[in-house]
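Beneath this line is the structure, given in structure tokens, with notes to follow.
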Amino acid sequence: MTPRAKSARSALLGTAALALGLLAAPMFAEEKPKEHADGPAAAYEPSMTTLGQIKVEIPGRREDDPVMTQEEFQKATTIYFERCAGCHGVLRKGATGKPLTTDITRENGYDYLQSFITYGSPAGMPNWGTSGALSEQDVDLMARYLLLEPPAPPEWGMPEMLASWKVVVKPEDRPKEKMNDIDIDNLMSVTLRDAGQVALIDGGTYEIKAVIDTGYAVHISRISASGRYLFVIGRDGLVNMIDLWMETPATVASIKIGIEARSIETSKFEGWEDKLAIAGAYWPPQYVIMDGDTLEPKKIVSTRGNIYDEQVYHPEPRVASILSSHYKPEFIVNVKETGKIIFVDYTDLKNLKTVEIEAERFLHDGGFDSSKRYFMVAANQRGKIAVVDTKEDKLTALVETGGQTPHPGRGANLNHPVYGPVWATSHLGDESVALIGTDPEGHPDQAWKVVDSFYALGGGSLFIKTHPNSQHLYVDAPLNPDAATSASVAVFDIPAMGGDPAVDPEFKTLPIGEWAGIAEGQPRVVQPEFNKEGTEVWFSVWNAKDKESAIVVVDDKTLELKHVIKDPRLITPTGKFNVLNTKDDIY
Ligand code: DHE
């Protein structure tokens with residue numbers, strides 16, 4: 001089902017998008033040639049910022065290799081990891097972008113490479129030269145670099161992990177009861193992305209209770225089943241385990257599980273609460289199961305292997321989202337480039353049992369349906385949602401959303417007036433929202449199908465959210481090239497969705513960025529997150545690192561501004577994670 005006709009604002013997306021990694025970079029000197037226009041999705045690719053800092057040697061030279069000094073090679077490697085590896089792979093074997101191995105690059109030659117890097121392509125290759133993102137000298141450097149063999153970044157195995165592992169406060173020395181008066185169920189863990197910290201903000205008083213150093217370009221938070229421990233992962237693979245019972249919550253253990261990483265979870269099945277933690281890495285491609293009390297690394301499993309459909313080997317399939325099953329003692333690990341979902345039975349790590357199911361390539365983010373049985377995960381580059389039954393460990397369906405690059409975060413579960421329980425995703429590549437039926441018992445005809453699709457504020461959406469106690473569905477658009485759109489949020493009234501199916505449901509636009517009252521910069525509004533009661537929605541007003549940001553709190557009933565949290569410590573706030581909602585997968 002494609003979104004119903006409405007003003008074709010998606011043309012707006014025909015302009016060059018800002019790659020997230022470039023947000024702070026100067027605006028592009030020149031728009032990409034129109035026929036090469038790409039949308040936010042093409043630019044919203046992993047930036048291997050940590051790998052970019054690794055020291056590398058020029059691989060064995062061949063007589064006709066272009067001349068390059070060690071310094072040039074190091075600089076080119078940094079640029080490659082930070083700007084190109086997300087699409088072309090760390091080893092240049094290809095990922096969502098084409099392979100750049102020397103059999104191909106030497107065949108094409110310097111002139112072809114130089115021009116391709118300068119102008120980009122209609123298939124989503126940014127115009128690094130004409131956009132001003134890379135200077136002429138850097139374009140020349142990169143064209144020569146691609147004619148040389150790629151460096152192989154170091155692995156990161158048990159010796160490196162154990163060397164990084166710290167137990168700051170032993171379990172036996174930790175408080176036997178909660179030592180503070182914080183309502184930790186209503187605490188928000190807020191990513192301070194470029195500061196490499198999280199802020200713990202009291203959901204009732206809006207007071208910052210602690211700002212804790214974490215990994216580089218920190219990414220997401222997850223909560224242990226008991227609600228006591230907060231787990232945070234940085235893009236550099238550093239995991240911090242934070243004890244929320246301490247007088248002032250603080251890190252009690254940490255470990256670096258890889259060189260590039262994005263996901264973390266803990267064991268939630270009955271009898272296994274707080275027992276184990278798991279983290280997934282982009283590089284090396286692996287997941288690591290750790291002791292839930294100390295982060296001691298117990299089991300490292302590589303995800304290298306064959307792509308599910310082509311059945312050819314992929315050297316670096318990245319671990320994307322990880323969920324913790326409520327039905328079995330299993331972690332559910334999504335592997336991006338092979339398109340496989342792995343159910344990892346954590347009851348016997350020495351004799352690890354896994355079920356590997358074929359899903360779809362380029363798995364990214366997702367969440368449970370309202371029953372918490374089905375896992376809905378975006379295979380975003382193929383425009384599909386894989387529906388995975390965590391009770392039967394099977395793929396239930398692959399659903400085309402009808403939009404470009406679904407990006408749900410964990411998605412949103414709502415009770416539609418006509419279709420009953422549905423799960424919603426918005427899209428990076430266009431402005432549509434897709435609702436997928438999730439009630440095979442009560443609404444069998446709608447189950448695992450797009451039951452409705454309608455337009456929200458604009459493309460470049462990253463997150464969508466509601467709450468069981470709310471009548472509203474919130475959709476952001478932080479990557480939209482239009483400043484006003486990226487600083488606003490669309491809000492749909494759920495009961496009103498039952499109107500004439502031929503007419504898009506109306507939405508209200510909340511000028512969140514304006515409400516924040518920030519004079520400088522071009523802040524983007526990202527990721528709605530509810531408080532524990534589901535009565536307030538918090539939004540990050542994400543500005544450049546050297547400019548003021550804020551968090552705006554909206555009253556979910558009145559949709560009016562309730563509070564603005566500003567503090568010099570709130571540097572580049574992005575993801576926010578309410579302890580109760582994150583612990584119990586309420587969204
Ligand atoms: Fe994320 C979740 C990967 C860029 C904010 N992000 C995820 C998950 C993955 C991922 C695999 C799911 C984790 C899980 O559930 O276990 N993110 C990536 C990237 O590869 C990408 C595109 C580029 C990169 O280099 O990292 C990327 N992500 C970003 C951002 O730039 C965002 C907007 C700001 C930031 O803080 O980095 C961002 N990602 C988030 C957030 C979530 C997330 C807030 C968790 C959503 C949730 O509700 O659980």
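Whatever order the structure lists ligands and atoms in, that order sets their numbers, starting from 1. Since the model is a prediction, treat every value here as computed from it, not as a measurement.
Geometric assessment of Arg262 against the ring of Trp283 yields a negative cation-pi assignment under the 6.0 Å and 45° thresholds.
The side chain of Tyr282, and not its backbone, has at least one atom closer than 4.0 Å to an atom of ligand 1 (non-hydrogen atoms only; side chain from C-beta on). Contact annotation: for Arg222 versus ligand 1, heavy atoms closer than 4.0 Å belong to the side chain alone. Counting heavy atoms under 4.0 Å from ligand 1, residue Thr49 does not touch it at all. Looking at Glu265 against ligand 1, nothing comes within 4.0 Å, counting heavy atoms.
Polar contact with ligand 1: absent for Ser321 (N/O pair, distance under 3.5 Å). Below 3.5 Å of separation, one finds no N or O of Phe463 facing any N or O of ligand 1. Between Arg410 and ligand 1, a contact under 3.5 Å exists for at least one N or O pair. Taking distance alone, with nitrogen or oxygen atoms compared against 3.5 Å, Thr191 stays at or beyond that limit from ligand 1. For Ser263, no nitrogen or oxygen atom sits less than 3.5 Å from a nitrogen or oxygen atom of ligand 1, counting backbone and side chain alike.
In terms of heavy atoms, Asp430 sits closest to Gln404 at OD2-N, 2.9 Å.
Under 4.0 Å is where a charged nitrogen must lie from a carboxylate oxygen, and between Lys583 and Asp185 no such pair does. Salt-bridge annotation for Lys566 and Glu548: present, with a side-chain N of the basic residue lying under 4.0 Å from a carboxylate O of the acidic one.
Side-chain atoms of Asp389 and Thr396 form no donor-acceptor pair, as typed in the model, at a separation below 3.5 Å.
Looking at His219, Glu529, Arg262 and measuring to atom 24 (C) of ligand 1, the nearest heavy atom belongs to Arg262. Considering Ile220, Val377, Leu363 only, the shortest heavy-atom separation from atom 2 (C) of ligand 1 involves Ile220.
For Tyr346, the ring pair (Phe, Tyr, Trp, His ring centres under 6.0 Å) partners at least two apart in sequence or on another chain are Trp272, Phe331.
Residue pairs meeting the ring-ring contact (aromatic ring centres under 6.0 Å, His included) criterion with at least one member in residues 473-492, sequence neighbours excluded: Phe454-Phe492, Tyr474-Phe530, Tyr474-Phe539, Phe492-Phe507.
Proximity to Leu462 (heavy-atom distance under 4.0 Å) selects the following atoms of ligand 1: 33 (C). Within ligand 1, the atoms closer than 4.0 Å to a non-hydrogen atom of Ala320 are 11 (C), numbered from 1 in the order shown.
Annotation for Lys98: atom NZ does not count as buried by contact number, only 12 or fewer foreign heavy atoms lying within 6.0 Å.
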